[in-house]
S.K.: 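Before I ask anything, here is the structure I am working with.
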Protein chains: 2
Amino acid sequence: MAQLNTVDRILDAAEELFAERGFSETSLRMITSKARVNLAAVNYHFGSKNALIHAVFARFLTPFSATLQHAFDELEARCEVDPPTLNQILWALTESAVRMPQRNERGISIFMRLLGLAYTQSQGHLRKFLEQEYSEPFSRFMSLLKDATPQLSAVDRYWRIQFMLGATAFTMSSSEALQDILRNKLGVETTVQEIAARLVPFLAAGMQAPDTFQIPSAPDNSPVA
Amino acid sequence: MAQLNTVDRILDAAEELFAERGFSETSLRMITSKARVNLAAVNYHFGSKNALIHAVFARFLTPFSATLQHAFDELEARCEVDPPTLNQILWALTESAVRMPQRNERGISIFMRLLGLAYTQSQGHLRKFLEQEYSEPFSRFMSLLKDATPQLSAVDRYWRIQFMLGATAFTMSSSEALQDILRNKLGVETTVQEIAARLVPFLAAGMQAPDTFQIPSAPDNSPVA
DNA sequence: GTCTGTTTGAAACATACGTTTGAAGCACAT
DNA sequence: ATGTGCTTCAAACGTATGTTTCAAACAGAC
């Protein structure tokens, strides 16, 4: 690995370790020793561990957010009259992610895994940070989705978006492990692009599924027959 | 809250706190003070924090596993010739979860959130514990899914199962937060049963989506249309 | 060379954690 | 009443964490 400055070395090490182990489970000492940097460097350059977490996210989220805005601009410009379709929106998102310049071949995996962790781990400060830093592309995505699925009620749409996010974040976040399993079991090689290519139709189909047809009733009978 | 014995008080408190904050972020001191129990009681009754985590899972997973096996038995008995359909399998799973006797009204939320955490926060010891304790119902579920989706290639099925798991684990693991957002934004109350009722059609539709229609190539052409 | 502002370094700090200890408390059979 | 086995308790232990300190090293300007 090239000899980078202290700040970047810390960010690289932190990014990788956070993605591997989560935030609370990664100590500053792990980060600084992986980065071959003095322990105090984190607090000197970033101020605190939480600020370092924010910086890790900002480093890839800020350019991604710009790329995404651009992709959405193009999309809306291309189809002036009708709103973009669900497939178009999802592909724009996917392509923006795939096209992001990666620091290494695992870039997308790490990227996705971190996003999943941001959602999943309870870190209140992170959620707050992401919400106030990147609310614009997010709500724009939501708004596009809304126009693309007018047949859905607001509540249905809300939940189905969560399902999409879940399938994506979860799969991508463990994509390396999943690719390994597939290689060992079926002898198949898979790229992240191919996973995305399988994911988008899945999501689109789920998003456009027929209405909820049944609510399970209250369980007043014995759980075992 | 009724005056239970020490072991149950610890399990109740731990379950709730783990679901709220995750495992690493929950200390034994939080647990014992919420349970109004001496700090040493955890190590006395369970041996270690990890063993306590296992016990929390075992308490609801063991009866759930039995319920599920029973539901699968019924399902296979009901349709002797044709294998159970995808919808039937998913509903059997959902109903088994919903019908589990709950300690309180948030029981299912906690239950689901813990399952989600088990997948995402994956503490190594937890994954190992779950795999060797509950591999049977899991592989049976996989096998049923295989028979229900003969039209899918093994690779497609594999990925789509991951997508389903992801959507489920992810949504359920943050179901309370998502319910809060929905309450504040749209003023809608949602039960876990309703989430499940929305999730199943989404999953079934995604699972049966038409074949992958396109693999994105090097990113210079537009994938849309 | 010397000064100046920035960055690194080794060490310590305060705090929180999981775990262990050993005495005290308790219920119950003898 | 006395002894016994299990449970609770306050206190301490050892370790790991995030953070701070302050001197040393460094780089660039004069």
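No hydrogens, no waters, no symmetry mates; every other heavy atom, side chains included, goes into these values. Numbers restart at 1 for each chain; the letters A, B, ... are given by sequence-line order, proteins then strands.
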S.K.: Give a yes or no on whether the ring-centroid distance for B/Phe202 and A/Phe163 is below 6.0 angstrom.
M.R.: yes

S.K.: What is the distance from CG of A/Asn38 to P of D/dA24, rounded to the nearest Å?
M.R.: 16 Å

S.K.: Looking at the rings of A/Phe57 and A/Tyr134, which for Trp means the six-membered one, are their centres under 6.0 Å apart?
M.R.: no

S.K.: So, B/Arg140 and B/Glu76, do they make that salt bridge, N to O below 4.0 Å?
M.R.: yes

S.K.: Would you tell me if any nitrogen or oxygen in the side chain of B/His45 comes within less than 4.0 Å of OP1 or OP2 on D/dT8?
M.R.: yes

S.K.: Can you tell me the distance, in whole Å, between the CZ atom of B/Phe46 and the P atom of D/dT8?
M.R.: 11 Å

S.K.: Set out, in order, the CA-CA distance, both residues' side-chain angles and the distance that settles side chain to side chain contact (heavy atoms under 4.5 Å, CB included) for A/Arg198 and B/Asp156, then state yes or no.
M.R.: CA-CA 8 Å; A/Arg198 295 181 193 281; B/Asp156 269 329; 2.4 Å; yes

S.K.: Identify all pairs in which a protein N or O lies below 3.5 Å from an N or O of nucleotides 16-18 of chain D, and state each distance.
M.R.:
from: D/dT17; atom 1: OP1; to: A/Ser27; atom 2: OG; distance (Å): 3.3
from: D/dG18; atom 1: OP1; to: A/Lys49; atom 2: NZ; distance (Å): 2.7
from: D/dG18; atom 1: OP2; to: A/Leu28; atom 2: N; distance (Å): 2.8
from: D/dG18; atom 1: N7; to: A/Arg29; atom 2: NH1; distance (Å): 2.9
from: D/dG18; atom 1: O6; to: A/Arg29; atom 2: NH2; distance (Å): 3.0

S.K.: Quickly work out the B/Arg21 CZ to C/dA16 C1' distance and round it to whole Å.
M.R.: 13 Å

S.K.: Test side chain to side chain contact (heavy atoms under 4.5 Å, CB included) on A/Glu131 and A/Phe138; report intermediate values, then the result.
M.R.: CA-CA 9 Å; A/Glu131 269 171 13; A/Phe138 184 75; over 6 Å; no

S.K.: Between D/dC9 atom P and B/Tyr44 atom OH, what is the distance in whole Å?
M.R.: 13 Å

S.K.: Start with the C-alpha distance between B/Phe60 and B/Leu114, add both sets of side-chain angles, then the distance that settles side chain to side chain contact (heavy atoms under 4.5 Å, CB included), and finish with yes or no.
M.R.: CA-CA 10 Å; B/Phe60 73 78; B/Leu114 285 175; 3.6 Å; yes

S.K.: For nucleotides 21-28 of chain C, read 5' to 3', which letter fits each nucleotide if B means a protein heavy atom sits under 4.0 Å from the base, S means only the sugar-phosphate is that close, and - means neither?
M.R.: B-------

S.K.: Any ion pair linking A/Asp12 and A/Arg9 (charged N to carboxylate O, less than 4.0 Å)?
M.R.: no

S.K.: Taking atom C1' of C/dT7 as reference, at what distance in whole Å does atom CD1 of A/Ile10 sit?
M.R.: 11 Å

S.K.: Side-chain donor-acceptor pair under 3.5 Å between B/Thr171 and A/Gln162, yes or no?
M.R.: no

S.K.: Does B/Thr6 place a side-chain N or O at less than 4.0 Å from the phosphate oxygens OP1/OP2 of D/dT8?
M.R.: yes

S.K.: Does atom NE2 of A/His70 have more than 12 heavy-atom neighbours from other groups under 6.0 Å away?
M.R.: no

S.K.: For the pair made of CZ in B/Arg9 and P in D/dT7, what is the distance, rounded to whole Å?
M.R.: 14 Å

